[in-house]
Q: 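Just passing along the structure, written as structure tokens.
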Amino acid sequence: MRMTPDHRVYIAGHRGLVGSALLRSLQQRGYRHIITRTHAELDLTDAPAVNAFFATEQPGFVLLAAAKVGGILANHTYPADFLRENLLIQTNVIEASRRSGVQRLLFLGSSCIYPKLCPQPMREEYLLTGPLEPTNRPYALAKIAGVEMCWACNRQFGTRYLAAMPTNLYGPGDSFDLQNSHVLPALLRKADTARRNGDPTMTVWGSGTPRRELLHSDDLADACLFLLETDDAVFDSLLPTDAPPLINIGTGEDLSIRELAELAARVTGFPGDLVFDASKPDGTPRKLMDVSRLRALGWQPRIPLEEGVRAVYEAAKDQLAQFWATARTPSDSN
Ligand SMILES: NC(=O)c1ccc[n+]([C@@H]2O[C@H](COP(=O)([O-])OP(=O)(O)OC[C@H]3O[C@@H](n4cnc5c(N)ncnc54)[C@H](OP(=O)(O)O)[C@@H]3O)[C@@H](O)[C@H]2O)c1
């Protein structure tokens with residue numbers, strides 16, 4: 001059964017970057033029965049609490065966007081927490097969904113499930129074809145177990161659970177915290193700080209040559225709802241019995257860190273020069289999703305990168321001004 005505005009829809013993790021975008025999209029489309037719980041109200045690692053919640057609320061559709069998420073440092077410092085909490089969250093939600101007869105579930109993963117040296121662009125078939133990136137291996141393994149769980153439930157119980165793998169995301173509510181931020185917020189904060197300081201240059205870590213793909217969280221949410229709102233025949237074609245029920249979500253286009261830094265400078269109004277510190281690590285040379293499976297269904301992103309980045313910067317300006325005023329940001333670190 002396809003999802004419609006009359007159905008009861010549960011968003012797990014509705015205050016996160018992804019979950020908040022899903023909430024906005026559902027509200028804009030006129031969904032009348034959106035079910036949410038904060039982490040404090042419902043700890044998804046608590047199986048009895050999750051089962052009781054599903055038994056009471058009886059959602060028909062589930063968007064599983066709750067996860068313990070973090071940067072390299074957090075993944076390195078708390079590997080056991082990343083593995084355990086993500087396994088528990090997804091297992092509890094998937095199992096409670098099965099028990100309570102949820103129609104369709106969308107499990108959000110990440111491109112880190114693909115091998116470290118994955119051919120580019122990364123196709124869904126490349127799952128488990130090579131070793132993972134060691135820095136977030138526990139997190140990636142938990143997510144791979146989630147994909148496997150969706151697939152196993154579909155085969156054993158006839159459920160309709162799909163795993164969506166988004167590329168790097170940006171959007172409203174993204175973190176500008178220097179310890180934990182993604183590449184785009186880090187560059188925006190750096191360029192904003194350099195402009196306010198009147199610095200002649202802004203230093204960017206690495207050579208500037210690695211390429212990254214970026215998708216606005218509102219476009220991701222649109223793709224997720226597009227998938228849950230498709231007809232059964234189309235949705236079921238994404239759930240083969242002989243391959244994981246997996247679909248990449250991205251733009252299919254990437255740009256270099258240099259181009260991204262130039263965009264950050266343009267958007268923040270930083271007039272100075274960019275300096276690339278090639279003594280700092282570059283990370284993976286390229287991370288680009290193959291999105292032909294999603295494209296073939298007729299979906300494509302709507303928000304042009306520069307427009308999306310400008311909107312994110314405008315919304316975060318006060319926060320960035322405050323960071324600058326409290327002088328917590330050295331302008332020469334990523
Ligand atoms: N951001 C990206 O660039 C990106 C890219 C690709 C894929 N994804 C995927 O999208 C999903 C969501 O990511 P995100 O960026 O939206 O993360 P996020 O902003 O950190 O949000 C995660 C949400 O999950 C909630 N949560 C965590 N542990 C919980 C628990 N035990 N019980 C209940 N709620 C819990 C968090 O609540 P609290 O904050 O209150 O703990 C938060 O609302 C993840 O699976 C991630 O892999 C993200």
Side-chain angles (χ1 to χ4, degrees), residues 10-25 35-51 53-54 62-72 74-75 78 81-94 96 105-114 122 132-133 136-147 149-150 162-177 179-186 212-221 223-224 246-251 260 287-289 291 308 312:
Y10 169 47
I11 310 171
H14 72 286
R15 295 213 288 200
L17 177 68
V18 173
S20 58
L22 290 167
L23 181 59
R24 282 193 298 277
S25 273
I35 305 162
T36 57
R37 291 291 184 281
T38 63
H39 190 163
E41 290 165 345
L42 176 65
D43 181 352
L44 294 170
T45 64
D46 178 347
V50 176
N51 286 330
F53 163 74
F54 270 76
V62 171
L63 290 146
L64 178 39
K68 183 172 178 63
V69 177
I72 294 175
N75 272 275
Y78 308 107
D81 291 351
F82 275 83
L83 183 58
R84 189 184 67 88
E85 288 184 33
N86 284 305
L87 284 171
L88 285 172
I89 290 169
Q90 68 205 32
T91 305
N92 291 342
V93 172
I94 292 171
L105 175 144
L106 194 69
F107 169 64
L108 271 299
S110 127
S111 59
C112 70
I113 64 160
Y114 293 114
M122 299 181 283
L132 298 166
E133 161 66 44
N136 54 11
R137 196 179 136 114
Y139 179 80
L141 278 170
K143 291 289 176 187
I144 292 170
V147 176
M149 186 57 136
C150 289
L162 177 65
M165 298 300 133
T167 188
N168 301 305
L169 301 173
Y170 73 98
D174 212 344
S175 168
F176 285 89
D177 180 303
Q179 294 297 323
N180 227 355
S181 59
H182 297 117
V183 58
L184 179 68
R212 295 290 180 269
E213 177 186 13
L214 284 164
L215 179 72
H216 195 286
S217 56
D218 286 342
D219 270 336
L220 168 68
C224 292
L246 195 56
I247 189 157
N248 291 340
I249 302 183
T251 62
L260 203 55
K287 268 186 92 176
L288 177 65
M289 291 287 208
V291 288
V312 166

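All values below were derived from every heavy atom in this structure, side-chain atoms included, with hydrogens, water molecules and symmetry-related copies excluded. Ligands are counted one by one from 1 in listed order, and the atoms in each one are counted from 1 as well.
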Q: How far is atom 11 (C) of ligand 1 from its nearest protein heavy atom, and which residue and atom name does that atom have?
A: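 Among all protein heavy atoms, the one nearest atom 11 (C) of ligand 1 is Ala65 O, 3.9 Å.
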Q: Side chains of Asp46 and Asn92: does their closest heavy-atom pair fall under 4.5 Å?
A: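 The answer is no; the side chains never approach within 4.5 Å.
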Q: Of Leu64, Leu63, Val62, which meets side chain to side chain contact (heavy atoms under 4.5 Å, CB included) against Tyr10?
A: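 That would be Val62.
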Q: Would you say the side chain of Val183 lies within less than 4.5 Å of the side chain of Tyr170, judging by non-hydrogen atoms?
A: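 They are not in side-chain contact.
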Q: Tell me, which protein residue and heavy-atom name are nearest atom 38 (P) of ligand 1, and how many Å apart are they?
A: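 Going by distance alone, atom 38 (P) of ligand 1 is nearest to His39 ND1, 3.7 Å.
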Q: Find the distance between CG (Leu288) and CE (Met122) and round it off to the nearest 0.5 Å.
A: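 Between atom CG of Leu288 and atom CE of Met122 there are 7.0 Å.
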Q: Please list, in number order, the atoms of ligand 1 under 4.0 Å from a heavy atom of Thr45.
A: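 Here the atoms of ligand 1 in question are 31 (N).
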Q: Heavy atoms, side chains only, cut-off 4.5 Å: are Glu213 and Met289 in contact?
A: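 With C-beta onward as the side chain, the pair touches.
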Q: Asn75 versus Pro138: any side-chain heavy-atom pair under 4.5 Å?
A: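 Contact flag for Asn75/Pro138 side chains = no.
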Q: Given the protein's heavy atoms, is any one of them under 4.0 Å from atom 6 (C) of ligand 1?
A: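 Yes, at least one protein heavy atom sits under 4.0 Å from atom 6 (C) of ligand 1.
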Q: Hey, are Asp43 and Thr45 close enough side-chain-wise for a donor-acceptor pair under 3.5 Å?
A: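 There is such a pair between these side chains.
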Q: Counting only heavy atoms, which portion of Met165 has something under 4.0 Å from ligand 1: side chain, backbone, both, or neither?
A: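 For Met165, no heavy atom sits under 4.0 Å from ligand 1.
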Q: Checking the side chain of Glu133 only, and the main-chain atoms of Cys112 only, is there a donor and an acceptor separated by less than 3.5 Å?
A: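 Flag not set: sc Glu133 to bb Cys112 has no pair under 3.5 Å.
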Q: Where on Thr167 is there a heavy atom closer than 4.0 Å to ligand 1, on the side chain, on the backbone, on both, or on neither?
A: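 Near ligand 1, Thr167 shows its backbone, while the atoms from C-beta on stay back.
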Q: So is Tyr139 in contact with ligand 1, going by heavy-atom distances below 4.0 Å?
A: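 The answer is yes: ligand 1 sits under 4.0 Å from a heavy atom of Tyr139.
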Q: Has Leu42 got any heavy atom lying under 4.0 angstrom from an atom of ligand 1?
A: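 Right, Leu42 reaches ligand 1.
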Q: What atoms of ligand 1 come closer than 4.0 angstrom to any heavy atom of Ala66?
A: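 Those of ligand 1 that fall under 4.0 Å from Ala66 are 24 (O).
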Q: Side-chain contact, heavy-atom cut-off 4.5 Å: Thr38 with His14?
A: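 Yes - at least one pair of side-chain heavy atoms lies under 4.5 Å apart.
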Q: With heavy atoms only and a cut-off of under 4.0 Å, state how Asp43 meets ligand 1: side chain, backbone, both or neither.
A: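 Contact part for Asp43 vs ligand 1: both backbone and side chain.
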Q: With heavy-atom distances below 4.5 Å as the criterion, would you say the side chains of Lys143 and Phe107 are in contact?
A: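 Lys143 reaches Phe107 side chain to side chain.
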Q: So if I count the atoms of ligand 1 from 1 in the order they appear, which ones are less than 4.0 Å from some heavy atom of Ser110?
A: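 Answer for ligand 1: 6 (C), 7 (C), 47 (O).
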Q: Determine, counting only non-hydrogen atoms of the protein, whether one lies under 4.0 angstrom from atom 3 (O) of ligand 1.
A: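 Under 4.0 Å from atom 3 (O) of ligand 1, at least one protein heavy atom found.
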Q: Tell me the nearest of Val69, Ile89, Leu184 to atom 20 (O) of ligand 1, using heavy-atom distances.
A: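 Ranked by closest heavy atom to atom 20 (O) of ligand 1, first place is Val69.
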Q: Considering heavy atoms of the protein only, find what lies nearest to atom 10 (O) of ligand 1 and give residue, atom and distance to 0.1 Å.
A: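 Nearest neighbour among protein heavy atoms for atom 10 (O) of ligand 1, to 0.1 Å: Val18 CG2, 3.5 Å.
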Q: Would you indicate whether Tyr78, at its atom OH, is surrounded by more than 12 heavy atoms from other residues, nucleotides or ligands within a distance under 6.0 Å?
A: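 Count not over threshold, so no.
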Q: Any idea which protein heavy atom is nearest atom 43 (O) of ligand 1, and the distance to it?
A: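 So the nearest neighbour among protein heavy atoms is Gly16 N, 3.3 Å.
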Q: Should the proximity of Lys143 to ligand 1, defined as any heavy atom under 4.0 Å, be assigned to the side chain, the backbone, both, or neither?
A: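 Contact part for Lys143 vs ligand 1: side chain (C-beta onward).
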Q: For Gly308 and His216, which heavy atoms make the closest approach, and how far apart are they?
A: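 Heavy-atom minimum between the residues: CA-CD2, 3.9 Å.
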Q: Considering only protein heavy atoms, which is closest to atom 22 (C) of ligand 1, and at what distance to one decimal place?
A: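 Scanning the protein heavy atoms, the shortest distance from atom 22 (C) of ligand 1 goes to Ala67 O, 3.6 Å.
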Q: If you measure every N/O of Leu108 against every N/O of ligand 1, is any gap under 3.5 Å?
A: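 Yes, since at least one N or O of Leu108 sits under 3.5 Å from an N or O of ligand 1.
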Q: For Ala21, what residues pass the side-chain contact (heavy atoms from CB on, under 4.5 Å) criterion, not counting sequence neighbours?
A: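 Ala21 satisfies side-chain contact (heavy atoms from CB on, under 4.5 Å) with Arg24, Ser217, Asp218, Ala221 once adjacent residues are dropped.
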Q: At a 4.0 Å cut-off, with the gap strictly under it, does some heavy atom of Glu85 reach an atom of ligand 1?
A: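 The answer is no, since Glu85 has no heavy atom less than 4.0 Å from ligand 1.
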Q: What residue and heavy atom of the protein are closest to atom 32 (N) of ligand 1, and at what distance?
A: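 That would be Leu44 N, 3.0 Å.
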Q: Return the residue, atom name and 0.1 Å-rounded distance of the protein heavy atom closest to atom 8 (N) of ligand 1.
A: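 Its nearest protein heavy-atom neighbour is Gly109 O, 3.6 Å.
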Q: Quick one: which ligand 1 atoms are inside 4.0 Å of a heavy atom on His182?
A: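 Per the distance check, 1 (N), 3 (O).
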Q: Are Ile113 and Leu246 side-chain neighbours, meaning at least one heavy-atom pair lies under 4.5 Å?
A: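 In short, these two side chains touch, coming nearer than 4.5 Å.
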Q: So which heavy atom in the protein is nearest atom 1 (N) of ligand 1, and how far is it from that ligand atom?
A: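 Answer, as residue, atom name and distance: Leu17 CD2, 3.4 Å.
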